[in-house]
Amino acid sequence: MNLLEINNLYKSFGGLGAVINFNILIQSQELIGLIGPNGAGKTTVFNLITGVYKPDKGQIIFNGKNIAGMAPYNICKKGVARTFQNIRLFKDLSVIDNVKIAFHKDVSYSLASTIIRLPAFFQGEKNIEEKALEYLRIFKLDTKRDEIASNLPYGEQRRLEIARALATQPTMLILDEPAAGMNPQETRELMELIKWIRQDFNLSILLIEHDMSLVMGVCERIYVLDYGQLIAEGLPEEIRNNKKVIEAYLGEEVGKC
Amino acid sequence: MQEKKNKSWLSFLLEVIVLVALFTLVQYALTVGLINQSYQINLVTMCINIILAVSLNLINGFTGQLSLGHAGFMAVGAYVSVILTNFMEMPFIIGILGGCIAAGIAGFIIGVPTLRLKGDYLAIATLAFGEIIRVVLQNIDYVNGPAGIVGITKLTSWPWLYWTAIITILVIVNLMNSSYGRAIISIREDEVASELMGINTTKYKVLAFIIGAMFAGLAGVMYAHYFYIIKPDTFSFLRSFDMVVMVVLGGLGSTTGAVIAAIFITFLTFGLQKYAAMRMVIYSLILIIVMIYRPQGLMGSKELSRKTFSRIWSGKK
Ligand SMILES: Nc1ncnc2c1ncn2[C@@H]1O[C@H](COP(=O)(O)OP(=O)(O)OP(=O)(O)O)[C@@H](O)[C@H]1O
Ligand SMILES: [Mg+2]
């Protein structure tokens with residue numbers, strides 16, 4: 001089944017096209033990479049999918065519905081969750097509260113039962129706490145549940161951001177450079193984690209990554225953007241040997257792996 | 001588990017006892033005349049300031065939306081309640097509810113268009129709103145324009161003040177310690193991330209604004225029915241500024257801090273009565289000093305809670 005289908009997506013900033021007639025087709029449970037040199041428009045594509053920016057033109061069909069131009073919180077409720085290139089946690093809140101916020105969209109108790117503390121409130125809070133802990137356990141963050149998010153080491157902050165995104169129970173997870181700033185060991189662990197998440201949570205993953213070994217290692221298909229335009233798409237081996245891609249990257253990174 | 005439950009019941013009971021004891025103590029002192037007139041006024045002002053600071057803190061501190069129009073909501077509450085009680089001769093409780101609801105509606109009407117604005121722009125828009133309320137009141141003959149309403153029946157008593165202040169604190173504390181509260185705080189932390197976690201940030205900003213405005217209205221009701229007279233100028237920008245000082249001093253996002261700062265500012269104002277002209281200078285100085293040495297305010301975003309006490313009790317840090 002087509003989970004995400006983007007047709008002729010266009011977005012410009014001050015007259016300069018950042019994303020030009022972009023197309024993509026993702027099936028459910030696929031693991032897809034989006035690569036391209038700096039400034040190619042990758043993050044802009046993510047911002048368009050998640051509603052942070054409104055597209056100038058084009059369709060974004062998710063689960064059969066056109067979500068182009070919808071408010072971000074509604075897109076999230078439809079089942080798209082993401083992480084950010086430069087981590088955006090709720091910095092001053094505890095690790096567990098970061099995850100708990102993701103459950104708010106399905107909150108089971110009313111504002112009135114909150115204020116007068118009816119049993120529904122206590123029951124609801126207990127459920128939220130248990131669910132949040134489950135996600136923390138998966139990402140080995142449960143021992144740090146009460147720590148302030150910004151005090152975590154970098155790699156753990158990245159993991160917490162993924163945990164928080166998954167806690168919104170998406171059918172599609174999009175990751176913007178999840179390995180940025182990680183050492184090779186952490187990157188390898190992350191690769192395994194990403195593969196495992198896709199399996200275990202039954203979702204599609206679309207990821208942007210500069211680390212070619214990670215992209216080639218985990219992605220089933222890859223799309224390549226350059227100056228806002230799609231210059232190639234295909235299997236990792238095809239991309240590795242694609243002339244246009246090699247030119248865009250000046251041969252360096254792709255050649256290495 | 002059972003033991004834990006018993007313990008939390010016990011501490012709940014203890015809290016109720018402390019609250020009632022405090023109430024009774026002051027009530028007793030008032031009845032036997034231990035508290036003189038000027039201290040009584042100080043006490044009233046303190047409760048009103050607590051309501052104002054705690055409710056403004058919901059908007060400025062927890063939601064992170066800088067509002068400078070809190071006095072405007074206070075004015076709405078004050079005027080509407082006086083119309084109900086004095087002009088229409090309805091019972092005080094109707095005046096209270098009417099004042100709160102009217103202020104809440106004003107919060108909604110102001111909140112919907114202005115909360116799209118960010119930072120400075122929102123501050124200016126809310127400041128303008130407060131001034132508009134004042135000018136509009138000056139031009140309504142029904143409420144005597146600039147001269148204001150004189151001879152308001154004194155209905156505000158210690159029980160009303162004390163318990164409405166307690167209810168204000170309870171409502172805000174309960175709200176903030178819930179999923180709704182976390183949603184509200186996430187807006188302050190990172191609005192974009194919050195929206196992408198499925199939170200309708202506009203809705204919760206407006207909600208915080210409405211609740212904050214309702215309690216400002218409540219403070220206005222209490223004020224009007226104690227001080228005999230209300231004028232449009234009573235609710236000028238300077239009053240909003242007072243409230244912002246309390247919230248910033250206490251620590252943006254700490255209800256405990258707001259309460260402590262409200263008490264502190266009340267006593268400071270009381271102490272400086274003779275030097276009324278110097279008051280604003282001293283306020284400003286305090287603000288500057290706090291901003292330099294403790295920019296997060298007295299409490300930061302920390303709270304005194306049951307947990308804190310039990311931690312101190314068991315000797316852990
Ligand atoms: N909000 C914005 N306003 C103006 N220009 C923008 C905005 N967002 C992105 N751009 C421009 O759009 C282009 C694409 O940016 P984008 O962030 O999508 O690139 P990217 O492929 O993610 O790059 P990187 O690998 O460096 O993260 C860039 O030229 C950038 O300057
Ligand atoms: Mg980017």
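Just so it is clear: chains get the letters A, B, ... in the order the sequence lines come, proteins before strands, and each one is counted from 1.
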When you look at CG of A/Asp200, are more than 12 heavy atoms from neighbouring residues, nucleotides or ligands closer to it than 6.0 Å?
yes
Within residues 136-166 of chain A, contacts to chain B at heavy-atom distances under 4.5 Å involve A/Arg164, A/Ala165
Smallest heavy-atom separation, B/Gly198 atom then A/Cys76 atom, equals N-SG, 3.3 Å
How many angstroms lie between CD1 in A/Ile128 and CZ in B/Arg182, if you round to the nearest 0.5 Å?
5.0 Å
B/Phe108 atom CZ, over 12 foreign heavy atoms within 6.0 Å:
no
What's the spacing between A/Tyr73 OH and B/Asn200 CG if we round to 0.5 Å?
3.5 Å
Any idea which of A/Lys77, A/Lys100, A/Lys105 has the most non-hydrogen atom pairs under 4.5 angstrom with chain B?
A/Lys100
Polar side-chain atom of A/Arg117 near backbone of B/Asn174 as donor-acceptor pair, under 3.5 Å
yes
Any chance OH of B/Tyr121 has more than 12 other-residue heavy atoms, nucleotides or ligands included, within less than 6.0 Å?
no
Can you see which heavy atom on B/Met197 is nearest to which on A/Arg82, and at what distance?
CE-O, 4.4 Å
A/Lys57 NZ: over 12 foreign heavy atoms closer than 6.0 Å
no
A/Asp92 backbone acceptor or donor facing B/Glu189 side chain under 3.5 Å
yes
Would you say NZ of B/Lys302 has more than 12 non-hydrogen atoms from neighbouring residues, nucleotides or ligands within 6.0 angstrom?
no
Any idea which heavy atoms bring A/Pro72 and B/Leu196 closest together, and the distance?
CB-CD2, 3.8 Å
B/Leu175 and A/Leu111: which non-hydrogen atoms are nearest, and at how many Å?
CD1-CD1, 3.6 Å
What distance do A/Ile115 atom CD1 and B/Ile172 atom CD1 have between them, rounded to the nearest 0.5 Å?
8.0 Å
Winner by heavy-atom pair count (cut-off under 4.5 Å) against chain B, out of A/Ile101, A/Asn74, A/Val80, A/Thr168
A/Ile101
Look at A/Ala81, A/Ala102, A/Ser110 and state which one has the largest set of heavy-atom pairs under 4.5 Å with chain B.
A/Ser110
Is there a side-chain contact between A/Phe90 and B/Asp190 (heavy atoms, below 4.5 Å)?
yes
B/Ser194 portion near chain A, given a 4.5 angstrom heavy-atom threshold:
both
Salt bridge check, B/Glu191 against A/Arg88: does any charged N sit closer than 4.0 Å to a carboxylate O?
no
Does B/Arg116, at its CZ atom, have more than 12 non-hydrogen atoms belonging to other residues, nucleotides or ligands within less than 6.0 Å?
no
Heavy-atom pair with the smallest gap, counting every atom of B/Ser178 and A/Phe121:
CB-CE1, 3.6 Å
Between B/Tyr180 and A/Tyr109, what is the shortest heavy-atom contact and its length?
OH-O, 2.6 Å
Of the listed residues (B/Ser186, B/Ala183, B/Gly181), which shares the most heavy-atom pairs with chain A below a 4.5 Å separation?
B/Ser186
